[in-house]
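Report on the following structure.
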Amino acid sequence: MKYAIAGLLSAISVSMMSSAQAADREANAIFETYCFSCHGTGWQDAPVIGDTSAWQERRAKGMDALLSNTIKGINGMPAKGACSDCTEAELQSVIELLTAEKKQVTATTSTPAATASPSSVQRSSPPTSKSRAAQRSGEWRNYANDGGSSKYTPLAQIDEQNVSKLQEAWRWNSPDNALQGSVTQQRASYYKSTPLMVDGRLFVSTGFNLVVAIDPASGETIWQYDPKAYEQGRPANSGWQHRGLSYWESGADKRVIITTGTGELIALNAQTGEPIKSFGKNGKVDLQAGITQTEAERRLIGYNSPPAIVKDTVVVGCTVTDGVQTTRMPTCHLRGFDVRTGKQRWIFHTVPQRGEPGVETWGNGSWQYTGNTNAWSMMSVDEELGYVYVPTGTPTNDFYGGHRPGYNLYGESLLAIDASTGKLVWHFQAVHHGLWDYDFPAAPNLVDIVVDGKPIKAVAQVSKQGFTYVFDRRTGEPVWPIEERPVPQSTVPGEQSAATQPFPTKPPAFARQGITEDDLIDFTPALRKTALEIAKQYQLGPLFTPPSLPDDSGRLGTLQVPSAAGGANWGGAGFDPELGYLFVQAANQPSFTPLEPGGDGDDAPRYLGGGRTPDISALQGLPLTKPPYGTVTAIDLNRGEIAWQVAHGQGPTDHPAIKHLNLPPLGASSHSFLSSGGPLVTKTLVFFNQVQREIETPAFSKTEYYLRAFDKRTGDVVWEHKMDVPPFGTPMSYLHDGRQYIVVSTGGGGMPAQLVAYALDPYRSNKDREEEKAQ
């Protein structure tokens, strides 16, 4: 007999759920969220409901005790875990459910569970928001589960005690695998899409921008839609990779929304996969129309992140090609579209235009030709306020800005935009006149925290710099002071670097910032000597040390720490609403930012630069700097402190030069060009995946393809699963037919692109768990 709603319902409930009304399902979900962590597991001797052995007697006895305690709870149920914020209406809903269940058990004591008839008791559903109700019912309706990008699920069937018993439930092969080499000669890149789970279906995008509906229990394809984007040539910047979809519904109108790499906004019927004919032109909107002037410009702009949806407005950013050898580039200004018709409602210029606020920060009229400054990553949404929170990137070019003097608003900023009008509510610029490719790389997290006894609805933005910037999300007021501090100045002719940069006073940085000789590797005297010799070739300095030219002393340029990849990257952070912890993985690695003459032509910059890997071949595959090389950090946002930080991965402990030292885990890179998504936060665990290959530069370790689970409170690794394919995407979790699944996208880039799903053995009972505890 399988679990139903995380072990709450036996086969009686499965039968009841098939014909019960929505209120029953909501009450079941409330039980799963607030009650099951104790009453489905026997935690601290709580009465167990859902035991598969002697189920009738156990369920009847359990319901007696639970009903008594829950009824008392109307006047203040003892807080154990999540039940402390269960409302009176929610408790009443659970009471009605359990009362009906008890009657059903009593009436069928001699009837097999599988043939029991459903209850006919009528119940009212408690008032809850759509996002909260979706979490409780085990769905995953947004890229990060909710509009606030928490990446959190309250599901607790998989916990620290049984996570080691996870097993592969199913594996789905992307249709991209068959398309490559047969239908198209294009090649899909690393597979990074995070599925949605709505109404008993998974929805996922592929690297080639197909949209597929999948059975969540078997991994079988239900329908697929192919926009044939691969017929239009390679997308800008990052090629054929895609991070996910968006979902919208109003009554019976249910839509899956995708932005394609080649510039289309498409709305599909979630049931059939057919384009919504009334949306745009036969279901499609040309996103390039109105923002590109030529075919060449069209090729410079692409889309690979899920758009944000605020009520009935779809908010779209874009990616723009980096590393160009020109000062004149397009940008993809932020735009809002009607989710029903596809009609553009507004545009917000991320590079201000003539007469707009902020245009004065673009000296010499550089607003007229400078591009990029784009919102390429994910965004977050506060539906109550009607705001969308948008992270933006570096203006053209990444490492030299002599042609764009000034602070360059709204580059490398967090924008709070009224999604109904496109008007700016507030903004914060994290990097003035950016020279380091320090884009805001990830969606900010909307968090409810308590600081010095004061509740604050906040927004927390992690960065490549390794900072976490925390603001009141209504006003933009910093929760803790952010100070403008002097930083080193550029010596490059024609460059005018900013005299100061913003430094948060809390929380502390979660990544190494800047580099000195003290940061160089010192495992052995010989390695230390070699590292010092290598470092002499470069300019070292604190965070925000500008790029530099080769000089007469033999220095080749500046070593930048964190690298242009971060710090944090597109996977971003996850948030636990119970602990108030923000979880983020980061890399501690340098990049080399050499500058060289820019070439001929009116549009050629005076200098060009690019983030490269320094030549550390003399270290025979070991990093230049001290460990840890990759970390997982928990940040207590109520206190503004680091709760814990641990090395992520084993790292190069088995390297012949240091193997004899028997070192603890040193950490491996959480990203470089092999970026590997963000966290999944559950009731007791936080999951991170890791991809590291044995490559010459940088070689942090041998090949590592892992999905790991950490104890949220301590950072201890409680489960480590080595995979046969690299897990690039951000994991997600859902509940289907009473079974919790964890799914992650894997492969691509020359390997088969797949989704891999994990779950517990559905026949494993609470009795099994009790016996394990006793042992």
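Atoms considered below: every heavy atom in the structure, side chains included; atoms not considered: hydrogens, waters and symmetry mates.
Y741 and Y734 have parallel rings, their planes meeting at less than 30° on a 0 to 90° scale where 60° marks the start of perpendicular. Between F688 and F710, the ring planes are perpendicular. Angles over 60° get that label, and only those under 30° would be called parallel. The aromatic rings of Y581 and F583 sit perpendicular to each other, their planes meeting at more than 60°, with 30° as the lower class boundary. Between H721 and W719, the ring-plane angle classifies as parallel under the 30° and 60° cut-offs. Relative ring orientation between Y190 and F728 is described as tilted, the plane-to-plane angle lying within the 30° to 60° band.
Minimum heavy-atom separation, I742 to P731: CG2-CB, 4.5 Å. Scanning both residues, A498 and Y407, for their nearest heavy atoms gives CB-CE1, 4.0 Å. What you find for E484 and P502 is that their closest heavy atoms are OE2-CG, 3.5 Å. Contact record, G729 with W570: CA-CH2, 4.4 Å, taken as the closest heavy-atom pair. Residues S733 and T153 approach most closely at CB-CG2, 4.0 Å, considering heavy atoms. Closest approach of G567 and A511 over heavy atoms only: CA-CB, 4.2 Å.
Residues Q560 and T545 form no side-chain contact, since every pair of their non-hydrogen atoms from C-beta on lies 4.5 Å or further apart. By the 4.5 Å heavy-atom criterion applied to side chains, H433 and R404 are counted as neighbours. Counting heavy atoms from C-beta on, the side chains of P727 and V691 come closer than 4.5 Å. Here the side chains of W140 and V743 are not in contact, with every heavy-atom distance at 4.5 Å or above. Using a 4.5 Å heavy-atom threshold, the side chains of L424 and I417 count as touching. With a 4.5 Å cut-off on side-chain heavy atoms, S745 and L755 count as touching. Between Y410 and P352 there is a side-chain heavy-atom pair separated by less than 4.5 Å.
Looking at S380, its side chain does come within 3.5 Å of a backbone N or O of P444 through a donor-acceptor pair. With hydrogens and angles disregarded, a donor-acceptor distance shorter than 3.5 Å links the side chain of D472 to the backbone of R474. A donor-acceptor contact shorter than 3.5 Å is absent between the side chain of N237 and the backbone of T319. Without hydrogens or angle criteria, Q465 side chain to L543 main chain gives no donor-acceptor distance under 3.5 Å. In this structure, H432 contributes its side chain and Q501 its backbone to no donor-acceptor pair below 3.5 Å. When atom types are taken as modelled, the side chain of T633 and the backbone of Q645 share no donor-acceptor pair closer than 3.5 angstrom. Looking at Q429, its side chain never comes within 3.5 Å of a backbone N or O of E412 through a donor-acceptor pair. T684 contributes no side-chain N or O that, together with a main-chain N or O of D159, makes up a donor-acceptor pair within less than 3.5 Å. Between the side chain of W436 and the main chain of P547, no donor-acceptor pair closer than 3.5 Å is present. Distance alone, capped at 3.5 Å, is enough to place a donor-acceptor pair between the D439 side chain and the T394 backbone.
Listed by chain and residue number, D448 satisfy the salt bridge (Lys or Arg N to Asp or Glu O under 4.0 Å) test with K457 (two or more places apart in sequence, or in another chain). Not counting sequence neighbours, the partners of R708 by the salt bridge (Lys or Arg N to Asp or Glu O under 4.0 Å) test are E704, E720.
For R713 and D711, the salt-bridge test fails: no basic side-chain N is under 4.0 Å from an acidic carboxylate O. Between E160 and K712 there is no salt bridge, since none of the side-chain N atoms of the basic residue sits less than 4.0 Å from a carboxylate O of the acidic one.
A distance of 6.5 Å separates OH of Y247 from CZ of F203, quoted to the nearest 0.5 Å. Residue N145 holds its CG atom at 12.5 Å from OG1 of T730, rounded to the nearest 0.5 Å. Taken to the nearest 0.5 Å, the CD1 atom of I158 stands 4.0 Å off from the CD atom of Q740. Distance CG/L666 to NE2/H648: 14.0 Å, rounded to 0.5 Å. Atoms CD1 and CZ, on I257 and F337 in that order, are 12.0 Å from each other to the nearest 0.5 Å. Separation of atoms CZ (F575) and CG (L582) is listed at 7.0 Å; rounding is to 0.5 Å.
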Practice task
Apply salt bridge (charged side-chain N to carboxylate O under 4.0 Å, His left out) to the pair D437 and K464, showing each step before the final yes or no.
Solution key: CA-CA 9 Å; D437 194 13; K464 288 184 179 181; 3.8 Å; yes
Practice task
Determine, step by step, whether Y303 and C332 satisfy the side-chain contact (heavy atoms from CB on, under 4.5 Å) criterion, reporting the C-alpha distance in whole Å, the side-chain angles of both residues, the deciding distance to 0.1 Å, and the verdict.
Solution key: CA-CA 10 Å; Y303 308 79; C332 177; 3.7 Å; yes
Exercise for the section: Quick one: do Y469 and F440 satisfy side-chain contact (heavy atoms from CB on, under 4.5 Å)? Show the steps, please. Expected result: CA-CA 11 Å; Y469 306 85; F440 266 151; 3.8 Å; yes
Handout entry: Test log, rule side-chain contact (heavy atoms from CB on, under 4.5 Å), inputs T631 and F510
Key = CA-CA 8 Å; T631 59; F510 57 81; 5.7 Å; no
Handout entry: Verdict with supporting geometry, S246 and V314, side-chain contact (heavy atoms from CB on, under 4.5 Å)
Key = CA-CA 9 Å; S246 299; V314 182; over 6 Å; no
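With 3.5 Å as the limit, one finds a donor-acceptor pair spanning the side chains of N372 and T396. Under the 3.5 Å distance criterion, with hydrogens and angles disregarded, no donor-acceptor pair is assigned to the side chains of Y143 and S305. Counting only N and O atoms by type, the side chains of T625 and N588 include no donor and acceptor under 3.5 Å apart. With 3.5 Å as the limit, one finds no donor-acceptor pair spanning the side chains of S413 and H427. N445 and S149 share no side-chain donor-acceptor pair at under 3.5 Å. Side-chain N/O atoms of S205 and S193 include a donor and acceptor closer than 3.5 Å. A donor-acceptor pair shorter than 3.5 Å cannot be found between the side chains of T505 and E483.
Taking the centre of each ring, F544 and F503 come in below the 6.0 Å mark. Aromatic ring centroids of Y438 and F467 lie 6.0 Å or more apart.
Other residues, nucleotides and ligands contribute over 12 non-hydrogen atoms within 6.0 Å of the CZ atom of R345.
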